[in-house]
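Heads up, the thing below is written out as structure tokens.
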Amino acid sequence: MIALIDVNNFYVSCQRVFQPVLEGKPVVVLSNNDGCVVARSNEVKALGVRMGHPWHQLRDMADQYGILAFSSNYALYADMSNRVMQVLAEFSPDQEVYSIDECFLGLGGLASVYPDFTVLGQTIRHTVRQATRLPVCVGIAPTKTLAKFANHLAKKRPVFAGVCDWDVLSPASRQQYLLDVEVGEVWGVGPRISKRLNSEGIHCVADLARADPEQIRQRYSVVLQRTVLELNGVSCLALEDHAPDKQQILCSRSFGQPICRYRELAEAVSTYVARAAEKLRKQQSLAGGLAVYIRTNPFRPDDPQYSKHIAVPLSQASDDTLLLTRAALWVLKRIYRRGFSYAKAGVMLLDLQPRTGIQGYLFAEQADPLKRALLNDTMDAINRRWGRGTLRVASTGNNQSWKMRQNLVSPCWTTRWDEIPVAKA
DNA sequence: TCTGGGGTCCTAGGACCC
DNA sequence: TCTGGGGTCCTAGGACCC
């Protein structure tokens with residue numbers, strides 16, 4: 001048996017933990033640059049605001065209904081996520097952290113510890129609430145896909161009070177739920193596939209569950225075949241208890257305002273490389289290649305449009321910020337065109353490989369790799385202690401006019417001493 | 001004025017090998 | 001008229017997830 005636990009309206013709930021006055025009010029959290037709605041409270045969902053909707057188009061509505069908006073505060077969400085995962089890890093030795101706000105717990109072999117999984121689910125809800133003030137829902141089932149489905153029911157149907165154990169439902173009520181829910185709600189069935197399924201007579205989850213897996217594989221893909229099997233209780237997706245290393249690392253941002261000059265693009269690209277290289281060193285990998293892209297604003301079709309992306313291999317795999325920066329700026333110089341108004345840039349580290357067991361290179365360009373490694377480690381240590389960007393490469397610039405907008409950001413209540421909440425008597 | 005960021009997996013098709 | 005069989009590796013594109 002597998003449990004799926006996820007936090008309700010995660011980013012919004014994090015904001016509410018430290019601002020209880022937001023409870024019961026319509027609240028949204030915005031993407032970087034205060035661009036799109038990426039989290040909604042139930043009150044906002046009830047108003048019909050869609051996920052990913054551009055915020056600037058909702059201004060009038062926000063005024064009318066008193067919707068409160070916050071910039072994304074990832075320092076806060078990441079810290080709250082760690083707390084939740086730590087609490088949940090106490091309930092099972094098998095935990096797969098699936099995303100910032102959800103995880104699977106393996107319950108196999110724990111039936112003697114937890115004789116009633118519904119009771120366990122309620123205990124989990126209560127414990128997480130107690131430790132973090134965050135609300136979670138729990139779905140329990142024999143496969144991941146069914147656990148996701150059970151979690152969906154736990155969230156949407158008040159009768160479950162936040163916990164749905166698929167196994168204790170009667171066959172008749174299971175069938176009813178499968179009939180009630182649209183196929184597009186199933187984990188792994190996105191908009192494209194559900195449209196196609198609909199056109200072929202598969203509308204609800206029950207339709208998909210009783211489809212012939214072999215035919216589904218032939219007509220769609222092995223991925224959807226697995227989904228069908230999982231809906232029938234045949235486990236095809238294993239619990240992955242330790243996260244595999246990333247195969248690629250991306251850092252990209254839209255700019256707070258459009259920029260034209262190479263100099264400014266170079267600042268942004270240098271900044272993104274530094275961030276990506278930090279992630280790379282954290283997982284102890286080396287990049288064998290790197291790509292850079294820049295683009296204008298596609299939402300202004302009347303402006304001249306340009307978008308270019310080039311990937312290059314490195315002569316020797318590396319995790320050195322200086323070397324990667326030099327390579328990225330080399331690429332940028334080749335893709336930059338004068339006369340465009342750029343809206344976004346990105347850096348991708350490719351062909352990642354473990355730091356150990358690397359083939360040496362006869363014609364190494366780096367003067368002293370050990371010294372350079374020490375430099376990077378020192379830079380990481382300083383930035384960990386004193387804050388990101390305390391020590392950085394000069395090409396990242398000084399005033400950073402392109403920096404993203406974050407006008408509505410809340411304090412980092414849990415990760416900065418000077419922003420820690422104060423209780424007044 | 002204003003439209004996010006970061007990933008994964010699978011498949012088809014082409015290049016190449018013997 | 002008629003042109004094999006069996007394989008690997010790589011890449012681009014499409015789908016999905018949060």
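A note on names: the letters A, B, ... follow the listed sequences, proteins ahead of strands, and every chain is numbered from 1.
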Next on the checklist: Do A/V186 and A/H152 have side chains that approach each other closer than 4.5 Å (heavy atoms only, starting at C-beta)?
Outcome noted: no

Please say whether the positively charged group of [X], taken as NZ for Lys or CZ for Arg, lies over the ring of [Y], i.e. under 6.0 angstrom from the six-membered ring centre and within 45 degrees of the axis.
X: A/R334; Y: A/W330; answer: yes
X: A/R196; Y: A/Y220; answer: yes
X: A/K144; Y: A/F104; answer: yes

Between [X] and [Y] (salt bridge meaning N to carboxylate O under 4.0 Å), is one present in this structure?
X: A/E102; Y: A/K148; value: yes
X: A/R372; Y: A/D320; value: yes
X: A/E43; Y: A/R16; value: yes
X: A/R281; Y: A/D377; value: no
X: A/D63; Y: A/R59; value: no

Measure across [X] and [Y] and return the closest heavy-atom pair with its distance rounded to 0.1 Å.
X: A/E200; Y: A/R219; result: OE1-NH2, 3.2 Å
X: A/R125; Y: A/V136; result: NH1-O, 2.6 Å
X: A/W55; Y: A/A62; result: CH2-CB, 3.5 Å

Item to check | Parallel, tilted or perpendicular, as decided by the 30° and 60° cut-offs, for the rings of A/W187 and A/Y98 | outcome: perpendicular

Next on the checklist: In terms of relative ring orientation, are A/Y262 and A/Y336 parallel, tilted or perpendicular, with 30° and 60° separating the classes?
Outcome noted: perpendicular

Considering every strand and a 4.0 Å limit on heavy-atom distances, what is the contact class for [X]: base, sugar-phosphate, or nothing?
X: A/Y98; value: sugar-phosphate
X: A/N297; value: sugar-phosphate
X: A/N33; value: nothing
X: A/R275; value: nothing
X: A/I249; value: sugar-phosphate

Checklist outcome for this item: Comparing nearest nucleotides in DNA chain B, the 5'-proximal residue of the pair A/R59, A/K279 is A/R59

Item to check | Nearest-nucleotide 5' precedence on DNA chain B, A/Q248 against A/Y11 | outcome: A/Y11

Checklist entry - Which residues, if any, of residues 179-206 of chain A bring a heavy atom under 4.0 Å of DNA chain C? => result A/V186, A/W187, A/G188, A/V189, A/G190, A/P191, A/R192, A/I193

Checklist outcome for this item: So, with a heavy-atom separation below 4.0 Å from DNA chain C, the residues of residues 207-234 of chain A are none

Checklist entry - Who passes salt bridge (Lys or Arg N to Asp or Glu O under 4.0 Å) against A/R157, sequence neighbours left out? => result A/D180

Checklist entry - Taking the six-membered ring where the residue is Trp, are the ring centres of A/F117 and A/W166 under 6.0 Å apart? => result no

Next on the checklist: For a 4.0 angstrom threshold against heavy atoms of chain A, report the outermost contacting nucleotides of DNA chain C in 5' to 3' order.
Outcome noted: C/dA15 to C/dC18

Checklist entry - P atom, B/dT3 versus C/dC18: distance in rounded Å? => result 25 Å

Checklist entry - Reading DNA chain B 5' to 3', how would its secondary structure be written in dot-bracket notation, given Watson-Crick and G-U pairs with both distances under 3.5 Å, brackets [ ] for crossing pairs and | for partners on other strands? => result ....||||||||||||||

Item to check | Contact residues, residues 252-274 of chain A to DNA chain B [heavy atom, < 4.0 Å] | outcome: A/S252, A/R253, A/S254

